[in-house]
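In what follows, chains are A, B, ... by sequence order, proteins preceding strands, each numbered from 1. For clarity, every value in this text was computed on a predicted model and none was experimentally measured.
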Protein chains: 2
Amino acid sequence: MLMETEFAGAVQVQGRTHHTPGLPPATHATAISYYAPNAMIYAQGDTAGPLYQVAFGAVRICRLTADGRRQISAFHFAGEVFGFEATSEHHFCAESIEGTGIRVLRAATGDGYAGQILPLALAGLSRAQEHLLVLGRQNATERLAAFLLDLNDRQGNHEEIDLPMQRLDIADYLGLTFETVSRVFRRLKDARIVALPTARHVDILDLGALETLCE
Amino acid sequence: MLMETEFAGAVQVQGRTHHTPGLPPATHATAISYYAPNAMIYAQGDTAGPLYQVAFGAVRICRLTADGRRQISAFHFAGEVFGFEATSEHHFCAESIEGTGIRVLRAATGDGYAGQILPLALAGLSRAQEHLLVLGRQNATERLAAFLLDLNDRQGNHEEIDLPMQRLDIADYLGLTFETVSRVFRRLKDARIVALPTARHVDILDLGALETLCE
DNA sequence: CGACCTGTTGATTCTGCTCAATCAACGTGG
DNA sequence: CCACGTTGATTGAGCAGAATCAACAGGTCG
């Protein structure tokens with residue numbers, strides 16, 4: 001569905017004016033920067049400030065440890081806003097997953113906008129806390145079930161999920177290995193709870209069973 | 001160090017006027033409610049609104065799954081503010097760990113205060129994201145080391161840590177069992193990295209080693 | 001004192017990781 | 001067109017770390 005041109009960085013694209021979910025009121029369309037798949041939007045250690053909104057595509061927010069382990073703290077899709085930081089420095093990095101358009105909203109330092117930013121920050125906090133429960137207390141099957149239900153919600157509850165990210169990204173988000181993610185998909189398939197027409201497309205066959213799996 | 005009277009609920013105590021870390025400017029001292037150990041401050045499902053500040057004591061923010069597993073998303077100590085919610089309903093519950101004094105700050109709905117609340121919410125988000133890395137990608141030893149370093153920081157870097165919470169609380173915070181927490185303490189003791197004069201008091205003997213443990 | 005709670009330690013089990021092979025899809029270049 | 005290399009995904013075998021089950025010690029409180 002997206003352009004697959006090959007830029008290392010970003011390029012300006014004409015912005016559109018429609019309002020997407022998560023966009024604060026009184027924000028006007030700005031230019032959209034295009035990022036090729038797996039491009040860095042900001043890095044760990046970069047100066048923080050502006051907020052970013054996904055126009056199209058998908059973004060992963062991740063962090064690397066010294067020995068190469070990676071934790072993805074969140075995925076962001078069209079309409080969602082990311083880039084909040086408590087300090088002036090980014091503790092995580094943001095990367096495009098597929099070809100992705102990004103709007104830069106504004107510097108987050110303006111106090112007059114705090115009332116608009118606060119709900120977004122609180123939503124992010126809530127999502128992170130929810131994910132703590134998954135990482136701290138759920139097994140591999142429950143983790144993947146929770147992930148699929150989350151994606152299903154965010155993609156309109158059509159029970160047909162598009163996975164823009166590869167198995168390693170899912171694994172690093174769920175605190176598993178990509179082999180385990182693959183095996184759990186297999187188990188869900190064998191149990192006729194989901195179908196996998198392709199590796200990047202999931203049909204939910206038994207929504208109730210999936211919900212039961214993560215309580 | 002604290003009163004251990006036995007109230008099921010809270011009782012009003014005279015508030016003091018000094019400023020503690022994390023207290024937003026222009027907030028004046030209000031009455032302090034006293035909570036006995038293990039008292040509920042708010043429950044999962046309660047209506048959200050006001051923010052709370054720990055005057056003295058310690059609080060755990062936790063969530064239970066249907067089958068009884070528990071995840072503690074955060075601990076809060078004197079001066080810290082908690083009670084943020086993205087929706088009008090609490091998704092987590094807050095409980096006192098020991099005898100604890102709580103100030104109710106104000107209804108969080110006033111937009112004029114968003115500029116004061118936002119930094120606190122962002123700090124909470126940052127802490128939650130940090131904890132995602134611990135739960136998703138670190139082993140038992142690394143988790144406990146990170147926990148001890150965090151507490152050491154928050155208690156003034158004296159390398160003498162006071163643990164107000166029991167092993168089960170630590171376990172539910174770190175996504176482990178209390179037996180594993182106990183065993184890791186043993187290993188750190190055997191390695192002369194910490195000493196445990198009592199089960200609730202930790203002396204850090206080798207700060208560098210502890211820091212190396214969690215990269 | 002006895003009951004209970006917290007914490008420690010041991011034995012065993014099991015989930016998910018590591019290491020490794022295989023396969024399919026895709027792109028490139030001869 | 002096919003040979004080759006690469007990347008992503010799947011699957012298998014064996015292992016390790018943490019969970020589970022269980023026993024026990026020390027302290028506190030009725």
Does the distance from a Lys or Arg side-chain N to an Asp or Glu carboxylate O, for B:Glu142 and A:Arg69, drop under 4.0 Å?
yes
Separation of [X] atom [atom1] from [N] atom [atom2], in whole Å?
| X | N | atom1 | atom2 | value |
| --- | --- | --- | --- | --- |
| A:Glu179 | C:dA21 | CD | P | 14 Å |
| A:Leu135 | C:dT15 | CG | P | 19 Å |
| B:Arg187 | C:dT8 | CZ | P | 13 Å |
| A:Asn38 | D:dG8 | CG | C1' | 12 Å |
| A:Leu174 | C:dT15 | CG | C1' | 16 Å |
| A:Gln138 | C:dG16 | CD | P | 11 Å |
| B:Asp67 | D:dT20 | CG | P | 11 Å |
| A:Glu142 | C:dG16 | CD | C1' | 14 Å |

Side-chain donor-acceptor contact under 3.5 Å, A:Arg137 with B:Thr65
no
Please figure out whether A:Gln166 or A:Arg137 has its closest DNA chain D nucleotide nearer the 5' end.
A:Gln166
Please report the closest heavy-atom contact between B:Ala128 and A:Leu125, naming both atoms and the distance.
CB-CD1, 4.3 Å
For the atom pair CD1 (B:Ile41) and CD1 (B:Ile102), what is the distance rounded to the nearest 0.5 Å?
4.0 Å
Rounding to 0.5 Å, atoms CG (B:Leu168) and OG (B:Ser182) come to a distance of 12.5 Å
Taking the side chain of [X] as heavy atoms from C-beta outward, which of [options] is closest to it?
| X | options | answer |
| --- | --- | --- |
| B:Asn139 | D:dT11, D:dA18, C:dG16 | D:dA18 |
| A:Ala199 | D:dA9, C:dT9, D:dA18 | D:dA9 |
| B:Arg167 | C:dG7, C:dC17, D:dA9 | C:dG7 |

Where each residue is assigned the nucleotide of DNA chain C containing its nearest heavy atom, which of A:Ala140 and A:Phe178 is assigned the position nearer the 5′ end?
A:Ala140
Pick the nucleotide of DNA chain C nearest each of A:Leu176 and B:Leu168; which residue has the one closer to the 5' end?
B:Leu168
Would you please confirm or rule out a distance under 4.0 Å between OP1 or OP2 of [N] and any side-chain N or O of [X]?
| X | N | value |
| --- | --- | --- |
| B:Arg186 | C:dT8 | no |
| A:Thr177 | C:dC17 | yes |
| B:Arg200 | C:dG7 | yes |

Distance-only donor-acceptor test, B:Arg183 side-chain atoms vs C:dG10 base atoms, 3.5 Å
yes
For B:Phe185, which contact category applies under a 4.0 Å heavy-atom criterion: base, sugar-phosphate, or nothing?
nothing
